[in-house]
S.K.: 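Next up is a structure, given as structure tokens.
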Amino acid sequence: MILMPAEIHVYGKPGCSTCDEALELLDDTSARFSFTVVRHNILGDQALFEKYRYLVPVVVIGGIERLRLRFDPQELEAALLTSQVPRRE
């Protein structure tokens, strides 16, 4: 059985160092888990800006907000496992 990669949505904005750190953590973790990252710039959407302006980055997996602001590799891995993101073999 072939598992499709999960889609992870990251809401952030340009010039956000915490957002950059989150994307680096996801990149580092992508060797162990099968997912693709979809980036959303909250500055391009007024509703997203109002919702997330003080919370970025926000990581949404399977339609559920799993992480926000600063998080570490262990928290990311726990969110991936909870969301049943497939592991790479």
Side-chain angles (χ1 to χ4, degrees):
M1 178 169 89
I2 297 175
L3 296 174
M4 296 299 293
E7 265 193 2
I8 296 178
H9 294 263
V10 179
Y11 295 85
K13 59 186 177 181
C16 169
S17 61
T18 309
C19 299
D20 293 340
E21 290 171 17
L23 291 167
E24 286 178 30
L25 277 175
L26 282 160
D27 188 50
D28 292 346
T29 308
S30 67
R32 294 189 323 273
F33 289 88
S34 181
F35 60 81
T36 58
V37 174
V38 179
R39 296 171 68 173
H40 302 274
N41 180 353
I42 66 166
L43 299 180
D45 183 310
Q46 187 63 35
L48 290 177
F49 180 75
E50 289 175 15
K51 183 175 182 178
Y52 293 132
R53 79 189 288 181
Y54 300 115
L55 305 174
V56 294
V58 175
V59 177
V60 175
I61 308 170
I64 299 170
E65 185 181 307
R66 297 290 183 179
L67 300 163
R68 58 167 62 168
L69 299 170
R70 193 164 302 238
F71 53 89
D72 62 32
Q74 293 78 22
E75 291 169 311
L76 174 57
E77 186 158 338
L80 295 170
L81 291 170
T82 299
S83 303
Q84 299 180 338
V85 173
R87 286 186 173 270
R88 294 193 188 274
E89 295 184 21

S.K.: Taking all non-hydrogen atoms of both residues into account, name the closest pair between Leu25 and Asp72 and its distance.
M.R.: CD1-C, 4.1 Å
S.K.: Could you identify which residues cluster with Leu43, counting Ile, Leu, Val, Met, Phe, Trp and Tyr as linked when any side-chain heavy atoms lie under 4.5 Å apart, either directly or through a chain of such contacts?
M.R.: Tyr11, Ile42, Leu48, Phe49, Tyr52, Leu55, Val56, Val58, Val60
S.K.: Measuring from Leu26:CG to Phe71:CZ, what's the distance to the nearest 0.5 Å?
M.R.: 5.5 Å
S.K.: Indicate yes or no: at least one non-hydrogen side-chain atom of Thr29 is less than 4.5 angstrom from one of Pro73.
M.R.: no
S.K.: Surrounding CD of Glu65 (heavy atoms of other residues, nucleotides or ligands, distance under 6.0 Å), is the total greater than 12?
M.R.: yes
S.K.: Quick check on the hydrophobic clustering: are Val85 and Leu81 connected, directly or via other members, by side-chain heavy-atom contacts under 4.5 Å?
M.R.: yes
S.K.: Roughly how far, to the nearest 0.5 Å, is the OG1 atom of Thr18 from the NZ atom of Lys13?
M.R.: 9.5 Å
S.K.: Give, for atom SG of Cys19 and atom CZ of Arg70, the distance between the pair rounded to the nearest 0.5 Å.
M.R.: 10.0 Å
S.K.: If you measure from OG on Ser83 to CZ on Phe35, what distance do you get to the nearest 0.5 Å?
M.R.: 11.5 Å
S.K.: Test your reading of the model: is there a side-chain donor-acceptor pair from Arg87 to the backbone of Phe33, 3.5 Å cut-off?
M.R.: no
S.K.: Report yes if the side chains of Leu23 and Arg39 come closer than 4.5 Å at any heavy-atom pair, otherwise no.
M.R.: yes
S.K.: Under the side-chain contact (heavy atoms from CB on, under 4.5 Å) test against Ile8, which residue among Ile61, Val38, Thr36 passes?
M.R.: Ile61
S.K.: Under 3.5 Å, is there a donor-acceptor pair linking the side chains of Thr82 and Arg66?
M.R.: no
